[in-house]
Amino acid sequence: MQAYLGIDVGSVSTNIVLMNEQGEILDTLYERTQGQPIAAVQQGIESIHGRNPEVRIAAVGATGSGRNLAAVVVGADVVKNEITAHAIAAMHIVPEVRTIIEIGGQDSKLILIRDGVVSDFAMNTVCAAGTGSFLDQQAARLNIPVQEFGRRALESSVPVRIAGRCAVFAESDMIHKQQTGHSLPDIINGLCHALVRNYLNNLGKGKKLEGPVVFQGGVAANHGMRRAFEQALGQPVIVPQYYHVMGAIGSALLAREASVAGKPTRFRGFGLIYDSYASKSFECAGCPNLCEVIEVTVNGQTAARWGDRCGKWTNCQLTG
Amino acid sequence: MNVTFPHMGHLDIILRALFRGLGLEVSPPPPVTKRTLELGAQYAPETVCLPFKLTLGNFIESLEQGAQTIITCGGVGPCRLGYYAEVQKGILRELGYHFEMIAIEPDIAHVFGNLRRLAARRTWPEIYAAFKLAGAKMEAIDTVEAKVRYLRPRVAQKRAADRIWEQFLREVDQAECRQALKACQAKAERELDALDRRETPEPLKIGIVGEIYVMLEPFVNQQLDLRLGEMGVEVHKAMSLTEYVRVHLLRNKQYLRGYREILKLAEPFLAHYVGGHGIKSIGCTIDMRHRGLDGIIQVFPFTCMPEVIAKNILPTVAASVNMPVLSLAFDEQSGEAGMMTRVEAFIDLLYFRRMRQCR
């Protein structure tokens, strides 16, 4: 059977989906990147292949902050930013969507859709207080698995007011609230409200958040966050079935679109799991910019380079 | 007297011509690099805007090379630029450097007063000729650059236009008289016209508005022009050196008229001066909409007060004239990946809009 592969390499998780010609999801995979994007992609592809041995890949799309690396490792036909990928996935699953809230490991996005196209977007800039990593860390500090974090929040009906502007101060505020005797569910609930407030203040400024609202990204698993968004926006918030792999779905859709032209895929084949990849970086001493150039090799041959400002390394003849 | 000055885009070529013509020995700062930024950030107040840090880095690197006199600009209005010279002078003195600093205010009388002092041994006709040559270089650079921006999304071979452009800049720098300058401009234009074009649908047109230093200095804006060009976008800028000098220094009638029209367009949204180019960012967004551009990217240094005011008004402007706007703040922490993700998504957005309009 012919299928499309979408790969989203993010800061926290690496997600892969397999999609058929009709746009139906055949398989999904969500795993922690753990700072090793190449290994994560290889393992992910191995699992997908193991579970779907009969599938033939027609095209591959890559997205996420590690998209360039993933594209080299797998051989991608489309490399797209995660904003576009998330928007396309949400429109595929909830065609009438008008607002997309996406909160991932280290970034959060707000995408507005009007008449079936992206009309505006915002992405958090210098602050990660409203993202998954922060929840992860607080869950670890409170000794609760992050998967249970949201459920605990639902036990509370009175959110404690927590300063959500900055992750560090939110944490000191939480400690203070614990010491004054507030219950844990109330504190977790308060934290969800603080993050939602922070998100809406940072990204939602001056924008009209109209329904239907779709909430996706890893943090959408958190029921407390979903409820806090519903209360803040005064309307229901849809969490799609595949909320955690929407970026990968979007890039699979983009791959399907790109393959219509009848180009052969650049997919390197499932054999890539046996290839040996290495990436190294070096400081170019050509000028005082001292750019950190990244070089990816496949089986000892240079496959790609990037990171230089002048293009000297990016443009030079590749052996791979 | 061995003079130096801060970098800003191609300003060094113009100032070198001017100061040489005035009979001064010129040692421009080395090109802006990471080291410049590190030096500047190390000694500047932490929350000051980025141009302060980079120009401070320029001065340190120039003084290390033996420059004795720093010529820099003053400023008026509620923008921190007006304080740059004084604060930087204090910092450099505390670091133990010996130098003289001359801050030129944006006022033609003040410029001439300082000239008499700097070019003490030159006659007025010689001074006039120096200005003429520097001005001609500025115009030639801005004219050819506009052509390069037009061609980048249209040429068949990547970076072909940029190779001609870089060669042209070197020749302009060496041109000793206006005849030589004219010849190298004609040559560059001829070569650019002869480049092979590729078959493309009409490229997207993006206007860049915002703070002038970030707009003109490729090190700071991470070569936004070039990157957009290579992504198939025709770039238009709200400001150029020529335009800035004509409006704010020479008060040229024709250019002033254009400037007043921009202010009038901004009036329903922001009716008074807020320092820097804040009001212009708003007016130009509307003007560029009228001129048929597809979208606007606003660039400014993180914590830039005038542009932060504009940024908060721009969503209203964008909605009222139906023009997408992306705001990008730059500081020494700015990552390349984050910027490119936003720019790429913005370009996708503009293509989607265009497709919808065609449907």
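Residue numbers begin at 1 in each chain, while the letters A, B, ... track the order of the sequences.
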Original post:
When heavy-atom pairs shorter than 4.5 Å are enumerated against chain B, which of A/Lys207, A/Lys80, A/Glu82 gives the highest number?
Top reply: A/Lys80

**OP:** May I ask you to name which of A/Thr84, A/Ile111, A/Ile83 has the most heavy-atom pairs under 4.5 Å with chain B?
**Re:** A/Thr84

Original post:
Does any heavy atom of chain A fall under 4.5 Å from the side chain of B/Leu326, the backbone, both, or neither of them?
Top reply: side chain

Original post:
Which atoms of B/Gln223 come close to chain A, meaning under 4.5 Å heavy atom to heavy atom: side chain ones, backbone ones, both, or neither?
Top reply: side chain

Original post:
If you take all heavy atoms of A/Arg98 and A/Arg114, which pair is closest and at what distance?
Top reply: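 For A/Arg98 versus A/Arg114, the nearest heavy atoms are O-NH1, 2.8 Å.
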
Subject >> Nearest atoms (heavy-atom pairs only) where B/Val325 meets B/Ala318 >> reply: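 Heavy-atom minimum between the residues: CG2-CB, 3.8 Å.
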
Subject >> Region of A/Ser119 that comes under 4.5 Å of a non-hydrogen atom in chain B >> reply: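 A/Ser119 touches chain B through backbone heavy atoms alone.
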
Subject >> Any donor-acceptor N or O pair under 3.5 Å, side chains A/Gln216, A/His86 >> reply: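 Their side chains do contain a donor-acceptor pair, which is all the 3.5 Å distance test asks for.
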
Subject >> No-hydrogen, no-angle side-chain donor-acceptor test under 3.5 Å, B/Thr4 and B/Ser62 >> reply: yes

**OP:** Test B/Asp294 against every option in B/Arg354, B/Arg353, B/Arg289 by the salt bridge (charged side-chain N to carboxylate O under 4.0 Å, His left out) rule and name the one that passes.
**Re:**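 Answer after filtering B/Arg354, B/Arg353, B/Arg289: B/Arg354.
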
Original post:
Which one, B/Thr36, B/Val32, B/Leu349, B/Leu226, leads in non-hydrogen pairs under 4.5 Å with chain A?
Top reply: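 Counting heavy-atom pairs under 4.5 Å, the top option is B/Leu349.
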
